[in-house]
Amino acid sequence: NNIEDWGGIRNNHYLSNGTALFILGSALPDLPGAQDWKQKGHDILEECCERQILDDGVDYEMSTQYQRLVFEFLLTPYLFAKKNGDSFTQEYENKLEKMLEFTAACLKPDGTIALFGDGDNGRCQVMSEYNRVHINDHRYLLCIGSVLFGNGSFKAAAQSFFDETLWLCGPSSKEKFTNLGVESKFESCSFDDG
């Protein structure tokens, strides 16, 4: 009843509302209004993905910390949908993969993200002590992406397996990660839209 729309300004708060509505509507289908929550959440997520993620995968706020937060807000319901026989558009999935390409390009040699733009260290969920303490290490996202999209470049950028992948992608994710070939295609590049 209190979606953070603020007269048409649709930002991370609005996106988080969509994430919550989709997950709650999916997880609690017998509650009155649950199907409406799920549909409204789905609509918000699709709209935000289209409007907030530029064609090159950069979040419109152009902040590496918000890039992670928005990716988590879009990823979590996407994974939930896959597990429960629901779906999002191919464009939504493509933008998730593009977002990871940007994340990989912004990693420093020590595995931490180059920090630029605004950030409040917000997270959709924290699933390991490592990533609670090492807030600027975004490689866990690339590990998840390597398993989810079968992408060897993401595996190379992730450098190792992260527990978040096990929690979000299931028990077979470690084997998928291990068996995935490594492609090291990331070089200097530009993200002209972002």
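What you see below is based on every heavy atom in this structure, not just the backbone, and it leaves out hydrogens, waters and symmetry mates. Here the structure is a predicted model, which means the values were calculated and not measured.
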Practice prompt. Check step by step if side chain to side chain contact (heavy atoms under 4.5 Å, CB included) holds for F149 and L100.
Written response: CA-CA 10 Å; F149 299 113; L100 291 174; 4.0 Å; yes
Item to complete: Might you point out which heavy atoms bring C143 and S160 nearest each other, and give the distance in Å?
Response: SG-O, 3.9 Å
Worksheet item: Would you say the side chain of L107 lies within less than 4.5 Å of the side chain of I113, judging by non-hydrogen atoms?
Response: yes
Worksheet item: Mind checking whether Q90 and N94 have side chains closer than 4.5 Å, heavy atoms only?
Response: yes
Fill in: Nearest-0.5 Å distance, NZ of residue K82 to SG of residue C169
8.5 Å
Worksheet entry | side chain to side chain donor-acceptor pair (under 3.5 Å) between Q65 and N136, worked out | CA-CA 8 Å; Q65 294 291 24; N136 295 326; 2.8 Å; yes
Discussion item. Do D56 and K98 make a side-chain contact, defined as non-hydrogen atoms from C-beta onward lying under 4.5 Å apart?
Written reply: no
Fill in: Residue list, ring pair (Phe, Tyr, Trp, His ring centres under 6.0 Å) with Y130, at least two apart or on another chain
H134
Discussion item. Which residues pass the side-chain hydrogen bond (donor to acceptor under 3.5 Å, both in side chains) test with S16, not counting sequence neighbours?
Written reply: none
Please tabulate, for the side chains in residues 34-41, all donor-acceptor contacts under 3.5 angstrom to protein atoms that are two or more places apart in sequence or on a different chain.
unit_1, atom_1, unit_2, atom_2, d
K38, NZ, D86, OD1, 3.3
K38, NZ, D86, OD2, 2.8
Q39, NE2, D43, OD1, 2.8

Worksheet item: Side chains of Q125 and L168: does their closest heavy-atom pair fall under 4.5 Å?
Response: yes
Item to complete: Give the cluster check for L54 versus F102: same hydrophobic cluster or not, with ILVMFWY residues linked at side-chain heavy-atom distances below 4.5 Å.
Response: yes
Worksheet entry | Contacts of D192 that satisfy side-chain hydrogen bond (donor to acceptor under 3.5 Å, both in side chains) - sequence neighbours left out | S190
Worksheet item: For E47, what residues pass the salt bridge (charged side-chain N to carboxylate O under 4.0 Å, His left out) criterion, not counting sequence neighbours?
Response: R10, R51
Worksheet item: Less than 4.0 Å between a side-chain N and a carboxylate O, is that true for K108 and D110?
Response: no
Worksheet item: Is any side-chain heavy atom of R68 less than 4.5 Å from a side-chain heavy atom of Y140?
Response: yes
Discussion item. Between V70 and M99, is there a side-chain heavy-atom distance shorter than 4.5 Å?
Written reply: yes
Discussion item. I'd like to check the ring pair (Phe, Tyr, Trp, His ring centres under 6.0 Å) partners of F80; sequence neighbours left out, ordered by chain and number.
Written reply: none
Worksheet item: Got a donor-acceptor contact below 3.5 angstrom from the Y92 side chain to the L45 backbone?
Response: no
Worksheet item: What residues form a side-chain hydrogen bond (donor to acceptor under 3.5 Å, both in side chains) with S87, not counting sequence neighbours?
Response: none
Worksheet, complete the sentence: Taken in chain and number order and not counting sequence neighbours, the residues that satisfy ring pair (Phe, Tyr, Trp, His ring centres under 6.0 Å) with Y78 are none
Worksheet, complete the sentence: Nearest heavy-atom approach of E97 to N151 is OE2-ND2, 3.5 Å
Fill in: In one Ile/Leu/Val/Met/Phe/Trp/Tyr side-chain cluster, 4.5 Å: V126, I135
no
Discussion item. Test question: given the 4.5 Å side-chain rule for I, L, V, M, F, W and Y, name all other residues clustered with F177, or answer none.
Written reply: V147, F161, L166
Fill in: Intermediate values then yes/no, side chain to side chain contact (heavy atoms under 4.5 Å, CB included), E72 and L141
CA-CA 9 Å; E72 288 182 348; L141 298 174; 4.3 Å; yes
Worksheet item: Within a strict 4.5 Å, meaning less than it, do heavy atoms of the D59 and I53 side chains meet?
Response: yes
Worksheet entry | Qualifying residues under side-chain hydrogen bond (donor to acceptor under 3.5 Å, both in side chains), relative to E46, sequence neighbours excluded | T89
Discussion item. With a 4.5 Å cut-off on side-chain heavy atoms, are F154 and L148 touching?
Written reply: no
Item to complete: Enumerate the residue pairs fulfilling side chain to side chain donor-acceptor pair (under 3.5 Å) with a member in residues 161-178, sequence neighbours excluded, ordered by first and then second residue.
Response: S128-E164, N131-E164
Which pairs of donor and acceptor atoms, one on a side chain in residues 18-26, lie under 3.5 Å apart (sequence neighbours left out)?
unit_1, atom_1, unit_2, atom_2, d
T19, OG1, L15, O, 3.3
T19, OG1, F73, O, 2.8
S26, OG, F22, O, 2.8

